[in-house]
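This report refers to the structure that appears directly beneath it.
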Amino acid sequence: MNRLKRLFEHKQERVLSIYFTAGFPAKDDTLTIMQALEQAGADIIEIGMPYSDPIADGPTIQESNLQALANGMDMETLFGQLEEMRQTVSLPVVLMGYLNPIMQYGEERFCARCQELGIDGLIIPDLPISLYLEQYQALFNQYGLSNTFLISPQTSEERIREIDQHSDGFIYMVSSHAITGAKASISEEQIAYFERVAAMQLKNPRLIGFGISDAYTFTTASRYSHGAIIGSAFIKVLAGSRNLEADIHEYIQNVIKQA
Amino acid sequence: MIEIKVDEKGFYGNFGGAYIPEMLHPNIEELRLNYEAIIAEPDFQETFHSLLRDFVGRPTPLYLAERLSEKFGAKIYLKREDLCHTGAHKVNNTIGQIILAKKLGKKRIIAETGAGQHGVATATVCALMGMECTVYMGALDIERQRPNVERMKILGAKVVPATSGSKTLKDATNEAMRQWINNPVDTHYIIGSVVGPHPYPEMVARFQSVISAEIKAQLLEKEGRDYPDAVIACVGGGSNAAGAFYHYYNDPRVRLIAVEAAGLGISSGKSAATTALGTPGVLHGSKTLLMQTKDGQVVEPHSISAGLDYPGIGPVHAHLFESGRGEFIAVEDDDAMRAGIALSRTEGIIPAIETSHALHALSLMEYKPGDVLVINLSGRGDKDLDTYIKWGKY
């Protein structure tokens with residue numbers, strides 16, 4: 001069974017998903033970061049596949065993408081780094097990235113490789129649901145990969161229902177100020193949006209994926225959803241770190257401690 | 001012959017579509033569902049055409065370049081888009097989109113720009129309509145194109161540098177898309193070329209198609225037939241070419257010659273000849289031909305002309321190339337510059353360096369003596385004076 005589904009079967013609150021860009025800060029940090037995340041108490045690992053033109057990401061993640069590429073990262077290098085991951089990492093692992101590098105690798109070859117390595121799901125921000133249903137759904141299913149869609153406050157109820165129907169991992173909620181990037185607090189407008197979606201009784205769990213950076217924002221977001229995703233704030237921790245294991249441990253522990 | 005036409009999902013053959021983050025879906029869907037109906041409204045048409053006439057200065061002349069014709073042994077007409085207000089064809093599209101944005105109730109306009117021509121054309125129509133305007137421009141291009149930056153500021157626009165990546169047009173486009181994601185409700189994004197997610201490529205081509213509509217009427221008057229033997233235009237993203245080809249897409253009597261920038265040479269590693277070097281991929285919301293690495297990372301292009309310095313090409317042009325309907329020629333920096341100087345001396349017209357690429361195609365293409373050729377003279381060279389001076393060989 002897919003590790004994402006298993007996770008949400010026994011944990012429905014305060015699920016913490018952490019995003020980092022593969023190959024950042026140094027090319028071979030990928031597995032070290034994953035192991036540290038597991039030991040520190042994260043629930044899901046999202047690995048960003050570096051891309052030259054990440055249009056749905058803010059400055060911090062853009063910079064980490066460019067740095068990773070400058071470090072010499074490519075898809076084959078990433079798969080090489082993940083070759084042995086299932087010997088030490090048992091958390092669900094999701095790959096996040098843009099469609100073009102996947103197309104160039106070859107969609108079926110990509111999915112087969114993901115399955116072989118024990119990847120549980122994909123998040124591809126520039127793959128809209130219509131194209132997913134036409135061209136990718138059967139393929140992802142064949143290789144046991146969950147697909148996660150993003151929704152925003154502008155996403156209509158009808159479309160949220162459609163996305164829910166065709167999702168089988170979790171739903172990734174972003175705000176209207178939706179480019180990824182850590183923000184200090186959560187506004188009332190955002191809370192109204194969380195409550196509106198919570199009231200829809202969707203079949204998929206919901207993770208809130210923006211503006212989450214610390215224990216307070218994580219706890220607040222978790223009150224209206226199954227948990228939250230941290231990206232930019234975590235990249236900043238990595239960028240300034242001289243001891244990845246210790247710094248990751250300290251950061252994650254601080255986020256998940258009960259206020 | 002294959003039909004050149006967009007389908008309901010926004011594809012021209014294998015290229016096009018709308019590969020967009022979900023956050024942009026409401027904006028794109030709003031446009032897709034409304035633009036055709038709005039454009040068809042008599043009120044829209046009236047405003048659009050009166051502004052093109054009285055504000056832009058259309059119709060632009062179709063000028064028989066006699067000395068150039070004599071030199072090449074063909075009958076060469078220049079479609080004088082360089083005489084449009086703001087100095088290039090770009091304004092045809094910004095006029096159309098600003099009226100559309102008003103009808104959609106938008107309050108703010110954002111745009112990307114490379115050399116600054118589209119930025120100036122956008123700032124101009126925003127001033128005309130009293131709308132707030134922000135233009136994203138690569139930090140490197142801001143340095144290279146100072147006069148256009150100042151023109152935009154004089155017109156009241158805010159110019160924001162894109163500081164990621166190569167700091168040029170591609171990055172400015174990324175930044176404009178990010179800002180649109182962040183301001184989805186009150187903002188319209190005026191894309192400057194026939195690129196981006198559906199319906200942009202077709203919508204921009206429709207606004208630019210006034211060029212070929214006029215060519216037809218003008219040729220009928222001058223030649224007694226409404227079609228030439230060939231239309232020649234330069235292609236970066238491809239908006240002036242799409243406009244000049246539009247009403248001839250499906251007329252087999254007319255050759256469509258698209259001229260790309262070879263930079264320092266197609267195999268020099270410093271080129272922007274997308275059809276020669278590109279493979280199918282997705283950039284800025286559509287599937288098209290794209291200069292990229294084996295790993296799917298977008299490659300930095302190079303051209304002496306900032307307006308052709310783009311790693312992709314509009315999906316309709318990718319289709320014209322793949323289907324064989326269009327003939328694609330690549331012209332190197334130096335040859336383009338010489339063709340620009342030659343036109344200046346033969347006809348007294350200093351062309352934009354983008355356009356100079358199309359002019360050099362006359363030396364590379366085959367044609368029969370006496371053929372009627374129309375070159376779309378997409379812009380004037382005022383903005384390029386610095387580049388001409390630095391190049392120096394005149």
Side-chain angles (χ1 to χ4, degrees), chain A residues 49-59 61-63 65-66 69 72-78 97-106 110 124-132 134-135 148-156 159-160 163 171-181 210, chain B residues 8-11 17-30 32 112 162-167 170-187 196-198 279-288 290-300 311-312:
Chain A
M49 300 176 279
Y51 182 48
S52 54
D53 295 85
I55 57 163
D57 287 298
I61 293 179
Q62 284 172 48
E63 279 311 311
N65 273 256
L66 295 177
L69 292 173
M73 275 306 286
D74 58 25
M75 200 70 89
E76 209 54 81
T77 306
L78 173 61
Y98 293 81
L99 191 56
N100 196 50
I102 298 172
M103 282 176 63
Q104 305 312 319
Y105 192 84
F110 176 85
I124 308 170
D126 58 347
L127 176 60
I129 187 161
S130 55
L131 280 158
Y132 167 73
E134 271 170 39
Q135 295 174 24
T148 289
F149 290 102
L150 283 63
I151 62 169
S152 79
Q154 276 68 46
T155 310
S156 66
R159 201 160 162 90
I160 294 175
I163 283 170
I171 288 176
Y172 190 144
M173 292 175 66
V174 295
S175 85
S176 60
H177 306 284
I179 295 293
T180 60
F210 62 94
Chain B
E8 60 181 26
K9 288 174 184 160
F11 279 86
Y19 295 80
I20 47 162
E22 182 61 32
M23 296 84 91
L24 284 180
H25 178 82
N27 308 46
I28 295 292
E29 195 64 1
E30 181 184 31
R32 188 181 71 85
E112 85 295 339
T163 55
S164 69
S166 61
K167 304 174 177 55
K170 171 176 81 78
D171 310 285
T173 308
N174 290 341
E175 204 47 43
M177 288 198 163
R178 289 189 187 105
Q179 293 308 319
W180 207 23
I181 291 174
N182 272 342
N183 300 283
V185 180
D186 65 344
T187 302
H198 176 62
T279 50
V282 171
L283 179 69
H284 296 150
S286 57
K287 188 190 248 186
T288 188
L290 185 60
M291 289 169 52
Q292 57 183 327
T293 66
K294 203 162 71 358
D295 201 46
Q297 309 297 339
V298 181
V299 165
E300 290 309 326

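Convention: sequence-line order gives letters A, B, ...; per-chain numbering from 1.
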Practice task
Could you tell me whether a side-chain N or O of B/Q297 sits under 3.5 Å from a main-chain N or O of A/S52, the two making a donor and an acceptor?
Solution key: yes
Exercise for the section: Measure distances from B/V299 to the heavy atoms of chain A and classify the residue's part below 4.5 Å as side chain, backbone, both or neither. Expected result: neither
Exercise for the section: For B/E8, look at atom CD and say whether over 12 heavy atoms of other residues, nucleotides or ligands are found less than 6.0 Å away. Expected result: no
Exercise for the section: Please assess A/V174 against B/I181 for the test side chain to side chain contact (heavy atoms under 4.5 Å, CB included), listing each intermediate value before the final yes or no. Expected result: CA-CA 11 Å; A/V174 295; B/I181 291 174; over 6 Å; no
Completion exercise
When the 4.5 angstrom heavy-atom criterion is applied to A/M75 and chain B, the contacting part is both
Handout entry: Distance in Å, A/D53 CG paired with B/S164 OG, rounded so as to fall on 0.5 Å steps
Key = 8.0 Å
Handout entry: Contacting region of A/I102 [heavy-atom separation from chain B under 4.5 Å]
Key = neither
Practice task
Could you check if a side-chain atom of B/K294 sits within less than 4.5 angstrom of a side-chain atom of A/E76, using non-hydrogen atoms only?
Solution key: no
Completion exercise
Here the pair of heavy atoms bringing A/Q154 nearest to B/P184 is OE1-CG, 3.5 Å
Practice task
Tell me, for A/L69 versus chain B, whether the close heavy atoms (under 4.5 Å) come from the side chain, the backbone, both or neither.
Solution key: side chain
Handout entry: Contact summary for A/I55 and B/R178, nearest pair of heavy atoms
Key = O-CG, 3.0 Å
Fill in the blank from the handout: Taken to the nearest 0.5 Å, the spacing of B/E22 CD from A/L127 CG works out to 10.5 Å
Problem - Proximal component of A/L131, with respect to chain B [non-hydrogen, under 4.5 Å] - result: side chain
Handout entry: Side chain proximity check, A/N100 to B/L290, heavy atoms < 4.5 angstrom
Key = yes
Fill in the blank from the handout: Minimal heavy-atom distance between A/Q104 and B/G281, with the atoms involved, is NE2-CA, 3.7 Å
Handout entry: Structural part of B/K9 lying under 4.5 Å from a heavy atom of chain A
Key = side chain
Fill in the blank from the handout: Turns out that what part of B/Q292 lies under 4.5 Å from chain A's heavy atoms comes down to side chain
Fill in the blank from the handout: When the 4.5 angstrom heavy-atom criterion is applied to A/F149 and chain B, the contacting part is neither
Practice task
Step by step, work out the side chain to side chain contact (heavy atoms under 4.5 Å, CB included) result for B/H25 and A/I129.
Solution key: CA-CA 10 Å; B/H25 178 82; A/I129 187 161; over 6 Å; no
Completion exercise
Here the pair of heavy atoms bringing B/Y19 nearest to A/P128 is CA-CD, 4.1 Å
Completion exercise
The reported gap from OG1 in B/T279 to CE in A/M103 (rounded to nearest 0.5 angstrom) is 9.0 Å
Completion exercise
If one checks every heavy atom of B/P280 against chain A at 4.5 Å, the contacting part turns out to be backbone
Problem - Proximal component of B/L24, with respect to chain A [non-hydrogen, under 4.5 Å] - result: neither
Exercise for the section: With a 4.5 angstrom heavy-atom cut-off, could you sort out which part of A/P50 is near chain B: side chain, backbone, both or neither? Expected result: backbone
